[in-house]
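To start, the structure under review is shown below, and the notes come after it.
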Amino acid sequence: MKGDVRVRFAPSPTGALHIGGAHTALFNWLWARKNGGAFVLRIEDTDRTRSTKEYEETIMKGLRWLGLDWDEGPVTGGPCGPYRQSERSHLYQENAQRLLDLGLAYKDGDAVIFSVPKGKTIAFEDIVYGNISMESETLKDIVLIKSDGFPTYNFAVVVDDYLMDITYVIRGEDHISNTPKQILLYEALGWRLPRFAHLPMILGKDKKKLSKRHGATSVYEYRDMGYLPEGLFNYFALLGWSPGDNQEIFDRDEAVRLFDLSRVTKRAAVFDMDKLDAVNQIHISRLDPQKRVELVKPFWKELGLEPENLNGDFLSEALELLQGRGKTLREVAAFSDYFLTFEVVKRRYDGSDISDSQKSLLREFFTQLFDKSRWDAHEMASFAKEWSKDKGLKMKDVAMPFRMAITGTKVSPGIFEVAALLGKEETAKRLQYYGLL
RNA sequence: GGUCCCAUCGUCUAGUGGCCUAGGACACAGCCCUUUCAAGGCUGCGGCACGGGUUCGAAUCCCGUUGGGACCGCCA
């Protein structure tokens with residue numbers, strides 16, 4: 001019933017898709033999908049010196065990766081195109097000329113400048129921030145067309161939002177002070193205004209605007225660190241918005257269902273990696289096992305491992321054993337490397353910490369373990385428990401050396417589960433290498 | 001400096017005059033579970049920036065102070 005909602009995300013292709021941009025795009029997308037409206041992608045490439053086609057593509061790939069699909073845009077097309085500002089010059093020229101003809105703008109050099117009327121109070125109702133007003137006295141005249149013939153941001157955004165029939169302008173709070181200027185332009189042109197909804201800023205840990213100083217700023221860096229699009233999506237949604245009940249974990253569909261612009265908060269939010277990690281971890285554990293394997297593969301390869309040589313079911317079971325372990329796919333890959341090859345185990349553990357007397361004792365244990373029990377985790381565990389009790393030892397006295405020998409680390413899932421999955425033969429090989437069998 | 005915006009645990013937030021001796025999540029600490037680490041369960045730590053009002057009653061409304069942020073480009 002509210003099919004008339006049209007929103008847009010309008011990045012300038014002067015860099016990768018960064019956190020702030022992704023956050024803004026996400027909220028626009030949510031509002032469009034919520035209302036069955038249209039999500040428009042517009043490329044604001046009027047800065048001819050800094051805009052590049054490569055960045056335009058990276059931004060689009062970043063949006064797709066996050067699952068933010070758009071209905072109209074540069075390559076997609078649509079009824080209000082073209083969707084690149086550099087291809088819409090005549091529209092800005094025309095409208096600048098109208099303002100010139102109306103006597104509301106003047107020329108200076110080759111630029112066209114709008115003269116701001118005096119004594120006017122400009123007020124608007126922001127969906128998030130409420131009533132905002134400003135005196136026109138505090139505004140300088142507004143450059144519409146630059147000397148190079150290209151429009152400025154403030155002019156192009158008004159012309160395009162109107163011509164593209166945008167009904168909700170949803171953007172960062174740093175644009176609040178631009179809004180009165182734009183309203184003046186809408187009024188001068190005799191155009192109806194869209195609704196405005198400004199979003200709280202995302203700050204770094206020092207509460208300053210997010211920049212490269214704060215580490216990773218582009219969504220691609222997060223992808224490369226092993227964050228899931230679902231994890232980032234979920235975390236971004238939590239910045240400046242909450243469903244109101246205590247639910248914090250959701251997928252895209254649930255977010256669309258729950259979202260409402262009226263619940264967006266005003267206070268700037270600090271980007272917290274710990275929370276992102278926690279959210280991402282949950283989404284990793286929710287992954288379909290087979291899909292998880294596919295997603296972890298590139299990270300195994302990054303470690304020099306060769307997952308393609310192994311059976312998919314085996315890898316999938318290995319990751320299932322890991323259960324909640326790993327905040328990122330990269331960690332999951334690192335935590336499971338010993339399933340892929342014994343080489344990594346040998347590299348980090350030389351077995352020199354085991355004394356000869358320990359060795360002969362352990363040899364006795366492992367020999368019996370291989371003889372007596374079926375190759376089953378439960379059986380191995382109960383045998384180990386029994387055996388160590390008889391010897392006046394603790395379970396960990398055998399479990400830890402076992403763990404070190406087959407994983408090369410002190411940290412792993414239940415070691416008998418690991419051995420069971422690895423198989424009798426492979427386990428024997430590893431124990432023999434360390435002289436334990 | 002001018003203009004605008006914001007202000008609940010360290011962080012993200014719930015809260016729209018009484019249900020709040022302020023709830024949840026992350027982080028942190030402890031305990032349980034336990035072959036290690038996680039996961040899970042339980043407990044704890046910790047906040048309404050301050051000062052005035054308004055009201056029978058303020059985290060919630062008003063004013064001020066302080067603090068923080070954004071914008072003030074022929075960048076977007």
Side-chain angles (χ1 to χ4, degrees), chain A residues 10-15 21 44-51 85 108-113 126 128-130 132-135 137-140 142-157 171-181 198 200-203 205-209 235 237-249 263 265-279 281-282 285 321-327 331 335 380-381 384-385 388 394-404 407 409-418:
Chain A
S12 68
T14 54
E44 307 215 328
D45 56 351
T46 53
D47 182 339
R48 301 315 295 158
T49 57
R50 294 198 301 145
S51 299
Q85 291 189 328
D108 182 37
D110 293 319
V112 180
I113 301 170
D126 189 277
V128 175
Y129 287 88
I132 294 175
S133 69
M134 199 180 280
E135 298 304 318
E137 261 66 42
T138 65
L139 264 28
K140 291 197 272 185
I142 304 161
V143 176
L144 268 22
I145 305 286
K146 298 180 269 185
S147 304
D148 66 3
F150 283 87
T152 57
Y153 163 73
N154 277 126
F155 187 50
V157 80
R171 75 230 306 192
E173 182 235 22
D174 48 342
H175 285 291
I176 284 187
S177 42
N178 282 321
T179 308
K181 299 179 202 171
H198 288 89
M201 300 266 79
I202 298 176
L203 276 21
K205 258 220 156 3
D206 56 359
K207 302 207 175 188
K208 297 268 189 279
K209 199 175 177 179
Y235 180 64
L238 252 20
L239 254 25
W241 174 76
S242 84
D245 52 15
N246 286 328
Q247 186 180 356
E248 292 203 310
I249 302 300
R263 293 197 55 85
T265 59
K266 299 175 185 173
R267 204 234 270 192
V270 173
F271 190 86
D272 180 12
M273 276 289 229
D274 287 332
K275 181 87 176 218
L276 203 214
D277 282 346
V279 172
Q281 183 167 25
I282 294 170
S285 66
L321 276 188
L322 244 44
Q323 292 186 87
R325 277 161 274 239
K327 296 179 174 71
E331 277 188 2
F335 290 171
M380 284 190 268
K385 189 170 278 178
S388 46
K394 299 266 191 196
M395 172 91 119
K396 70 172 169 188
D397 294 323
V398 295
M400 282 314 279
F402 197 13
R403 173 169 286 113
M404 288 307 297
T407 71
T409 152
K410 297 189 281 199
V411 173
S412 83
I415 200 57
F416 302 107
E417 272 80 13
V418 173

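Predicted model only: the values in this text are computed from it and were never measured. Heavy atoms only: backbone and side chains are in, while hydrogens, waters and symmetry mates are out. Proteins get letters first, then strands, A, B, ... in listed order; numbering begins at 1 in each.
You won't find any donor-acceptor pair under 3.5 Å spanning the side chain of A:Ser177 and the base of B:rC4, going by distance alone. For a distance-only test at 3.5 Å, the side chain of A:Lys275 fails to qualify as a donor-acceptor partner of the base of B:rA27. In terms of polar N and O atoms assigned as donor or acceptor, the side chain of A:Glu248 comes within less than 3.5 Å of the base of B:rG24 in a complementary pairing.
At least one side-chain nitrogen or oxygen of A:Thr46 sits closer than 4.0 Å to the OP1 or OP2 atom of B:rA76.
Taking a pair to require two hydrogen-bonding distances under 3.5 Å in either a Watson-Crick or a G-U wobble arrangement, B:rA14 remains unpaired. Under the Watson-Crick or G-U wobble criterion, with both distances below 3.5 Å, B:rG67 is paired with B:rC6. Pairing partner, B:rC72: B:rG1, with both Watson-Crick or wobble hydrogen-bond distances short of 3.5 Å. Across all strands shown, nothing is found opposite B:rU36 as a Watson-Crick or G-U wobble partner with both distances under 3.5 Å. The nucleotide B:rC45 finds no pairing partner, because no Watson-Crick or G-U wobble arrangement with both distances shorter than 3.5 Å includes it. B:rA22 is unpaired under the Watson-Crick or G-U wobble criterion, no partner having all donor-acceptor distances under 3.5 Å.
The backbone N or O of A:Thr46 lies less than 3.5 Å from a partner atom in the side chain of A:Lys146, making a donor-acceptor pair.
Comparing atom distances between the A:Met400 side chain and each of B:rU36, B:rC9, B:rU3 picks out B:rU36 as nearest. Distances were taken from every side-chain heavy atom of A:Ile132 (C-beta onward) to each of B:rC5, B:rU3, B:rA76; the shortest belongs to B:rC5. Here the nucleotide nearest the side chain of A:Lys181, chosen from B:rU35, B:rC72, B:rC74, is B:rC72. Listed nucleotides B:rU3, B:rC12, B:rG24 differ in distance to A:Met134; the shortest reach to its side chain belongs to B:rU3. You'll find that the side chain of A:Thr265 is closest to B:rU13, out of B:rU13, B:rC26, B:rC6. If you check B:rA70, B:rU11, B:rA14 against the side chain of A:Asp174, the one that comes closest is B:rA70.
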Considering only nitrogen or oxygen atoms on both sides, find all protein atoms under 3.5 Å from nucleotides 65-69 of chain B and state each distance.
residue: B:rG69; atom: OP1; partner: A:Lys208; partner atom: NZ; Å: 2.2

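Protein atom NE2 of A:His175 is 11 Å distant from nucleotide atom C1' of B:rA70, rounded to whole Å. The interatomic distance linking A:Gln85 (CD) with B:rA76 (P) rounds to 8 Å, in whole Å.
A residue-by-residue look at A:Asp108 and A:Ala399 shows that A:Ala399 has its nearest nucleotide of RNA chain B further toward the 5' end.
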